[in-house]
There are 2 protein chains.
Amino acid sequence: MTVTIRDVARLAGVSASSVCRALATPDKVRAATRDRVQQAAAQLGYHPNRVARGLSTGRTGNLGLVVPDIANPFFSGVVKAVQNRAHECDFSVLPADTDEDVATEIELIHTLTKQVDGFLLCAPRAGDEDLRSVSGDIPVVMLNRRVGRIPSVIFDNADGVRQVITHLVALRHRRIAYVAGPKTSWVNHERARALRTLTASMGLELVEAGNVSPTYVGGVAVADVLLAASVTAVIAYNDMIALGLISQITARGVRVPQDISVVGFDDIPTADLVNPPLTTVSQPKERFGRTAVDLLVDVLGDRERPGSSRRAAPMQLVVRKTTAPNPKEFS
Amino acid sequence: MTVTIRDVARLAGVSASSVCRALATPDKVRAATRDRVQQAAAQLGYHPNRVARGLSTGRTGNLGLVVPDIANPFFSGVVKAVQNRAHECDFSVLPADTDEDVATEIELIHTLTKQVDGFLLCAPRAGDEDLRSVSGDIPVVMLNRRVGRIPSVIFDNADGVRQVITHLVALRHRRIAYVAGPKTSWVNHERARALRTLTASMGLELVEAGNVSPTYVGGVAVADVLLAASVTAVIAYNDMIALGLISQITARGVRVPQDISVVGFDDIPTADLVNPPLTTVSQPKERFGRTAVDLLVDVLGDRERPGSSRRAAPMQLVVRKTTAPNPKEFS
DNA sequence: TTGTAGGCGTTATCAA
DNA sequence: TTGATAACGCCTACAA
């Protein structure tokens, strides 16, 4: 049925171990043997069974990547970036979608644990304890979140918030709302905190609304609250909320961005095309993903000869594009 | 380090095989033993090693899902649907993104082959021969494409095209363009063929443009050709092309949809929000994904007792929503 | 009902 | 340089 190392061995007239060597370490075997083996392997269409190899070596060549929602353009972008980089490092990526659910998050990690060498975790919801526990069993790199001493790659949310505020202030906004995303989201906390600190220090008024679900519907739901708060600008936890918001605000007869400006984090490919215009704040997913992979690969390497420990360089959050009344390009 | 079946056996004071039974077939073991084992397992936090199990049983409990672009909303929708259904059938899903590249497609399939029980393949580009070969090694279900006698789940493209044309004709369009997607796309061929047949039989004029890449840029690139063709309606291979098209057409001072109607297949979550309006044709991804999983699971089951062979019921393509001048809801 | 033994495909160790 | 042999963790006859 399926061709094994022994089939190749038989055809090449050598032992299984020689086949193994001829394929893995061609220089540790006589040239003639190597050729015979390689030809036999090719002829039979032999592919080493990675599962069996994993059992024997303890290394699978796979990286697990856990994201809350693979249909969210931000995360699918991360998946792409991770795959590209992982491939360059000779790793395969097994992406897993937790559907924003903590329970499946943990479950998925367990079923995947023995099939990967390490995890890249976008787990904004899971409890610190769970994550620490996972990190004890298997190498883990956290994305966009800090938990204890677990290696992580994060955006510089404070700086991103600063850029947004600078932008809005330049447009003469003084009373600004923040629509909070999921209460348990780490990034949400960071952004809210940064906003509070910054607006306070600049003498701006900050109105906090939410928490709402990070969806179009969430944005629709919070619109009336915002209109009643008489702010001139709104910063939304993400683009989807911002879109719902704009839709509902407009339906109420309020003009965007003349009467009220809307800014959303993350980026949906077509968000720019929306009318009325949405100011989008985007994160450099490509570099984000690459860095995360590099860090995890480092950690895996260090495991061989333990002792060293690394820390990720924090990343810039970049306001990439704006369609606000007074367009301005940040980077 | 990692807790194995033997650790549990020791703690429970039984043999490894009893642990195995107590966990897999609790009824084939004495109640007392079962309890002792289960408690020991819980206490140690034992999780069976799926890799080892796979080696022994030949079944991994994983389904491979290959898609050309996980960032494309159509495919991420399929991934979601597949995961939901697979989970109900006690399977995990390993999604793989081929980046629209035939070579990685094949490569990915090989590295995944021993880690899954079967494949769900969205491989619009790969050659028939490659796919047949894969299908010989391991159970395969093709999505949105027919290759020989490989089980497959497809949309009824002809019917979908009929709905679109009916819609446009009701709006008095007589001269209609089709913007073809990738030349090697099976679905593209099907749609073009259906369009030719149908328009001919209805006495409509069909202008074919393209092929273009299935992206925003592809749409921009083809706009001038269409304007020169003096059609009143355009059907695009997908939403991304349609968006680029609208953008460029509008930039040329032509109004959408007053001067020209644009229809796009697939659906991007925010496509409805675009202005000028885009008529979207959406496919029922949820049911699509579910059906594919069911079919593959069937095939896997039949493998045990081979002999039977199944065929997927073709699926309806549904025009779900339109923002055209004379809105009309199909379903 | 339970335990023992063998095997799944590979790699690593150790002799030869 | 090569070939037995053991081990990875689990499952399943088969025997007790």
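By convention in this document, chain letters (A, B, ...) are assigned in the order of the sequence lines, proteins followed by strands, and residues within each chain are numbered from 1.
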For the residue pair A:F288 and A:F155, categorise the inter-ring angle as parallel (less than 30°), tilted (30 to 60°) or perpendicular (more than 60°).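 Ring orientation of A:F288 relative to A:F155: parallel.
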Return the minimal non-hydrogen interatomic distance between [X] and [Y], and the atom names on each side.
| X | Y | value |
| --- | --- | --- |
| A:Y46 | A:L23 | CE2-CD2, 3.6 Å |
| A:V102 | A:A126 | CG1-CA, 4.0 Å |
| A:D117 | A:G58 | OD1-O, 3.9 Å |

Quickly work out the [X] [atom1] to [N] [atom2] distance and round it to whole Å.
| X | N | atom1 | atom2 | result |
| --- | --- | --- | --- | --- |
| B:K28 | D:dC14 | NZ | C1' | 13 Å |
| B:L23 | C:dT2 | CG | P | 14 Å |
| A:D7 | C:dT10 | CG | C1' | 14 Å |
| A:R10 | D:dG3 | CZ | P | 14 Å |
| B:R21 | C:dT4 | CZ | C1' | 10 Å |

Relative to the 5' end of DNA chain C, which residue comes earlier, A:A24 or B:G13, by the nucleotide with the nearest heavy atom?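 Its nucleotide being nearer the 5' end, the pick is B:G13.
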Enumerate the protein-to-nucleotides 5-9 of chain D contacts in which both atoms are nitrogen or oxygen and the separation is below 3.5 Å.
{"residue": "D:dC8", "atom": "O2", "partner": "A:L55", "partner atom": "O", "Å": "3.3"}
{"residue": "D:dC8", "atom": "O2", "partner": "A:S56", "partner atom": "N", "Å": "3.3"}
{"residue": "D:dG9", "atom": "N2", "partner": "B:A52", "partner atom": "O", "Å": "3.2"}

Applying a 4.0 Å non-hydrogen cut-off, can you work out what B:R50 is touching in the nucleic acid: base, sugar-phosphate, or nothing?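 Nothing: the residue B:R50, judged by heavy atoms under 4.0 Å, touches no strand.
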Before you tell me yes or no, could you show the steps for A:T104 and A:D99 under side chain to side chain donor-acceptor pair (under 3.5 Å), namely the whole-Å CA-CA distance, both residues' side-chain angles and the distance that decides it to 0.1 Å? CA-CA 8 Å; A:T104 32; A:D99 246 335; over 6 Å; no
Do the side chains of B:D97 and B:F75 get nearer than 4.5 Å, heavy atoms only?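 Result no, sub-4.5 Å side-chain heavy-atom pair not found.
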For DNA chain C, what residues of residues 32-42 of chain B have any heavy atom nearer than 4.0 Å?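 The answer is B:T33.
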Could you please spell out the steps behind the side chain to side chain contact (heavy atoms under 4.5 Å, CB included) verdict for B:R290 and B:E88? CA-CA 10 Å; B:R290 293 181 68 87; B:E88 294 173 2; 3.3 Å; yes
Using OP1 and OP2 only, check whether a side-chain N or O of A:S15 sits under 4.0 Å from D:dT2.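 No.
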Is it the case that more than 12 heavy atoms not belonging to A:H189 sit under 6.0 Å from its NE2 atom?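 More than 12 heavy atoms, drawn from other residues, nucleotides or ligands, come within 6.0 Å of this atom.
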Are the side chain of A:R21 and the backbone of A:V29 linked by a donor-acceptor contact shorter than 3.5 Å? no
With the side chain defined as heavy atoms from C-beta on, B:C20 is closest, among D:dC11, D:dG3, C:dG3, to D:dC11
